[in-house]
Amino acid sequence: MELPRSIKTKHGNSKDYVLKLLANLYGQKQAGHVWNQYMSDKLRDIGFQQSQIDECIFYHDDVIFIVYVNDGLFFGNHDDTLMLIIKQLKDAGPNIEDQGHTADYIGVYIKRNRDGTYEFTHSALIDAIINDIDIGNSYTKPVPAKVSVQLHAFCAVGKLNYLCQTTRPDILYAVHQAAKYSADPRLEHGEAIVCLVKYLKAMRHIGLRFKPDASKGFQCYCDSDFAGNWNKEFAATDRSTAKSRSNWTVFYAPYPIIWESKLQSQVALSTSEAEYIAMSMVLHGVISLMELIKEMREHKFDIINTQPYVYCKVCEDNSGALEQARLPRLCPRTKHINIYYHHLREHVRKG
């Protein structure tokens with residue numbers, strides 16, 4: 001690694017010297033990867049099998065372990081089994097801390113209600129964002145986005161991005177717009193960030209609530225906004241204004257587990273094309289989830305799945321996009337669509 005600025009060498013220029021690390025150092029770019037390799041090796045030593053779909057998931061008999069950077073969760077049917085595995089992992093070498101039953105994981109507050117539902121909220125992070133923006137006792141807002149201006153971002157965008165990906169899908173579009181321009185913020189767009197934070201202040205208590213339904217499997221809802229950000233004043237300097245936006249939510253048993261709002265990578269020339277691209281983009285995410293569920297069933301875990309094979313129901317509101325997905329034919333208005341997106345047809349054909 002490069003020498004810290006405070007260290008000087010007796011001879012020559014300090015920039016010509018480097019340090020050789022004998023052990024992993026927290027904060028380095030590869031630190032997370034080194035830690036993951038170390039933990040994976042120790043888990044294998046005590047009998048865990050690493051998932052072939054997601055390398056952060058491990059199986060051991062009727063126990064599942066998931067790891068997120070340097071935090072992990074054990075899932076099992078019996079406390080005694082979990083305590084024994086935790087003891088074996090500690091004896092294997094890693095310096096880990098057992099924090100008991102999960103009530104707060106990576107900042108998300110988890111609450112189990114008497115009616116069997118689970119609530120996931122992030123009020124502590126919202127309070128931190130409010131303090132960063134320093135809106136004090138300012139009045140709140142009933143909507144998360146200020147649509148009359150293009151959004152630009154400030155220091156709170158990173159926290160907002162994490163918030164919208166964990167428990168607050170309602171602010172996803174507003175945060176995406178903020179992150180889009182974070183490299184070159186403008187003072188006049190700071191009002192839009194403040195508007196979003198005021199909305200969070202008013203709705204800081206809401207989050208996600210789950211109550212699994214064994215009769216439901218995968219469902220996916222997707223839509224697109226055809227050239228919704230088009231602005232002729234900025235078109236010459238910002239070509240992304242001509243791109244359409246894909247939005248989708250993946251439900252499982254039957255609650256949202258993945259949600260996205262992204263600009264498409266290429267310019268769509270019609271609403272049907274924009275919708276078709278959105279369907280293809282969501283399929284990328286849902287296929288890996290379906291394969292993960294199949295893998296868990298192979299490991300004899302009781303996973304909700306009402307059909308002999310895992311399937312996903314995709315809901316789309318554009319007849320032209322649905323027709324393209326069903327019928328492999330070309331026409332003058334659609335033959336230019338990148339073959340990259342036509343993998344959707346193969347999955348529709350297979351059912």
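Both backbone and side-chain heavy atoms feed into the values below; hydrogens, waters and symmetry mates do not. Note that the coordinates shown come from a computational prediction; the quantities given were computed from them, not determined experimentally.
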- Message: Determine whether C56 and N36 satisfy the following criterion, side-chain contact (heavy atoms from CB on, under 4.5 Å), listing intermediate values before the conclusion.
- Response: CA-CA 8 Å; C56 292; N36 182 267; 4.3 Å; yes

- Is the closest side-chain donor-acceptor distance between D41 and Q37 under 3.5 Å?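 There is no such pair (donor and acceptor under 3.5 Å, judged by atom type) between the side chains of D41 and Q37.
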
Close side-chain approach of [X] and [Y], heavy atoms under 4.5 Å:
{"X": "S288", "Y": "D54", "value": "no"}
{"X": "D223", "Y": "Y221", "value": "no"}
{"X": "I126", "Y": "I130", "value": "yes"}
{"X": "E291", "Y": "K294", "value": "yes"}

- Task: Classify the ring geometry between Y59 and F301 as parallel (under 30°), tilted (30 to 60°) or perpendicular (over 60°).
- Result: tilted

- Taking the six-membered ring for Trp, are F65 and F74 parallel (under 30°), tilted (30 to 60°) or perpendicular (over 60°)?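 Aromatic pair F65/F74 classed tilted.
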
Just by distance, do the side chain of [X] and the backbone of [Y] share a donor-acceptor pair under 3.5 Å?
{"X": "H176", "Y": "K262", "value": "no"}
{"X": "N131", "Y": "D127", "value": "yes"}
{"X": "E119", "Y": "N113", "value": "no"}
{"X": "D61", "Y": "V63", "value": "no"}

Is it true that atom [atom1] of [X] has more than 12 heavy atoms of other residues, nucleotides or ligands lying nearer than 6.0 Å?
{"X": "Y17", "atom1": "OH", "result": "yes"}
{"X": "R112", "atom1": "CZ", "result": "no"}
{"X": "H299", "atom1": "NE2", "result": "yes"}

- Task: In sequence, state the C-alpha distance, the side-chain angles, and the governing distance for I106 and Y162, and then conclude on side-chain contact (heavy atoms from CB on, under 4.5 Å).
- Result: CA-CA 10 Å; I106 56 175; Y162 180 66; 3.4 Å; yes

- Task: Check salt bridge (charged side-chain N to carboxylate O under 4.0 Å, His left out) between D45 and all other residues, then give those that pass, not counting sequence neighbours.
- Result: none

To the nearest 0.5 Å, what is the distance between [atom1] ([X]) and [atom2] ([Y])?
{"X": "L200", "Y": "D170", "atom1": "CG", "atom2": "CG", "answer": "7.5 Å"}
{"X": "E298", "Y": "K300", "atom1": "CD", "atom2": "NZ", "answer": "8.5 Å"}
{"X": "L172", "Y": "Q177", "atom1": "CG", "atom2": "CD", "answer": "10.5 Å"}
{"X": "L160", "Y": "I193", "atom1": "CG", "atom2": "CD1", "answer": "6.5 Å"}
{"X": "L82", "Y": "F75", "atom1": "CG", "atom2": "CZ", "answer": "10.0 Å"}
{"X": "I129", "Y": "L163", "atom1": "CD1", "atom2": "CG", "answer": "5.0 Å"}

- Aromatic centroids of Y105 and Y68 separated by under 6.0 Å: no

Of all the heavy-atom pairs spanning [X] and [Y], show the shortest one and how long it is.
{"X": "R245", "Y": "S261", "value": "NH1-OG, 3.0 Å"}
{"X": "P256", "Y": "F251", "value": "N-CD2, 3.5 Å"}
{"X": "F58", "Y": "S40", "value": "CZ-OG, 3.4 Å"}
{"X": "Y109", "Y": "A103", "value": "CD1-O, 3.3 Å"}
{"X": "S123", "Y": "R204", "value": "CB-NH2, 3.3 Å"}
{"X": "N247", "Y": "S224", "value": "ND2-CA, 4.5 Å"}

Would you kindly confirm whether [X] and [Y] end up in one hydrophobic cluster when ILVMFWY residues are joined by side chain heavy atoms under 4.5 Å apart?
{"X": "I66", "Y": "I53", "result": "yes"}
{"X": "I46", "Y": "L84", "result": "no"}
{"X": "I85", "Y": "M296", "result": "no"}
{"X": "V194", "Y": "Y199", "result": "yes"}
{"X": "L43", "Y": "V34", "result": "no"}

- Using a strict 4.0 Å threshold on nitrogen-to-oxygen distance, state whether D115 and K211 make a salt bridge. no

- Task: Apply side-chain contact (heavy atoms from CB on, under 4.5 Å) to T167 and L125, showing your working.
- Result: CA-CA 11 Å; T167 60; L125 180 58; over 6 Å; no

- Using ring-ring contact (aromatic ring centres under 6.0 Å, His included) as the criterion, point out the one residue from F210, F120, Y118 that pairs with Y255.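 Of all the options given, the one that passes is F210.
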
Run the side-chain donor-acceptor check on residues 89-102: report pairs under 3.5 Å with partners two or more places apart or on a different chain.
from: D91; atom 1: OD2; to: K87; atom 2: NZ; distance (Å): 3.0
from: D98; atom 1: OD1; to: G100; atom 2: N; distance (Å): 3.0

